[in-house]
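Order of listing sets the numbers, starting from 1, for every ligand and every atom in it. Please read these numbers as outputs of a predicted model, since none were measured by experiment.
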Amino acid sequence: MRHVDLRSDTVTQPTPAMREAMYRAEIGDDGYGEDPTVNRLEEVAAERMGKEAAVFVASGTMGNLVAILTHCGRGDEVVMGDESHIFWYENGGPATLGGIHVRTVANAPDGTLPLDKLAAAIRPDNNKFPRTKLICLENTHNRCSGKVLSREYSAEVHALGREHGVPVHLDGARLFNAAVYLGIDASRLAGEAESVQFCFSKGLSAPVGSALCGSGAFIQEARRWRQALGGGMRQAGVIAAAALVGLETMVDRLAEDHENAQVLADGLAAIPGLDLRPEEIQTNIVICRPLAMPSDLFLRRLAEHGVKAANYWGGLVRFVTHYGIERADVDHALKAVQAVMRGPE
Ligand SMILES: *Cc1c(COP(=O)(O)O)cnc(C)c1O
């Protein structure tokens, strides 16, 4: 039986070029700043985001947490979407480790935070209120079906932040998917944010790691928090080598994932009993609702056909296309979903 794993783009295996680069990587102790491969990766990552500096971190979660801890102090407030990854899946890190108050604004279905609601969430100076110290955006937006935030919208949020003296952190775990969708350089999407985190371990297919990018002074401070969180690594060039290959060779091919996601979404929409709007799919994430059965039963039946998707709770199911998923895999997944929806013969 064919196995098709569409749970996430984190299941991607490193490419042969990555394994080769890992084998050959020149390494040293990054605790002393002496790993040439890590240093090179941080340089290239900063450059790709149009920032002065970058720090290599173990995960996207660590990158976001280090950013929030660097921007905010104890008792400060950070504003983010109620569907954001940081709010849902990062185990309350800002509160747990920073004593930082998270305030959510309802995400619109397109992943944006409506500007009027965002403006209303920024606190006036008053000794009964926590201080608003940070706004977080997410691009592409995971729980909003991989929606892309436009340059224009991002610029409006940055202008609003500047007006109130509040910096913006961009959770750009899949920022390159957004850049490929818009056909622009990722640095143009990251440009105005004071900090940006992006993942090597998703669509770029590297095994481990993320980069947090910002000004030189910001990254110097971020390195302290990374150390405090136990994120200081040693011969990390072994993994940084694969991340570099990801950055250098795996960005343009994300367009294939987007095409496959569109084919998948169109196919799913044609199957009775599934609710989704295929015209809204922009990148590599397809979220749909099986109407006739609970999502966990749907997923169990799908797994019997060799196809894995993710439970998105609230009755939703998520499919993600990625390196290693070919058109034939999408076709196989669609046949499997058809069989599941038809029920036993
Ligand atoms: C995956 C993801 C993260 C976290 O990355 P990890 O490496 O899994 O910790 C953060 N934000 C978004 C939007 C993500 O999709």
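For residues 58-78, every residue pair satisfying the ring pair (Phe, Tyr, Trp, His ring centres under 6.0 Å) rule, not counting sequence neighbours, is listed here: H71-F218.
Residues passing the salt bridge (Lys or Arg N to Asp or Glu O under 4.0 Å) test with E42 are R223, sequence neighbours excluded. In this structure, H332 has no side chain to side chain donor-acceptor pair (under 3.5 Å) partners at least two apart in sequence or on a different chain.
Classification of the Y312-Y89 ring pair by plane angle, with boundaries at 30° and 60°, yields tilted.
Screening H85, E138, E90 for a side-chain hydrogen bond (donor to acceptor under 3.5 Å, both in side chains) involving N64 leaves a single residue, E90.
Near ligand 1, S59, G60, T61, N64, H85, E90, E138, D171, A173, R174, C199, K202 each place a heavy atom less than 4.0 angstrom from the ligand.
Cluster annotation: F87 and V79 are assigned to distinct hydrophobic clusters (Ile/Leu/Val/Met/Phe/Trp/Tyr, side-chain heavy-atom contacts under 4.5 Å, transitive).
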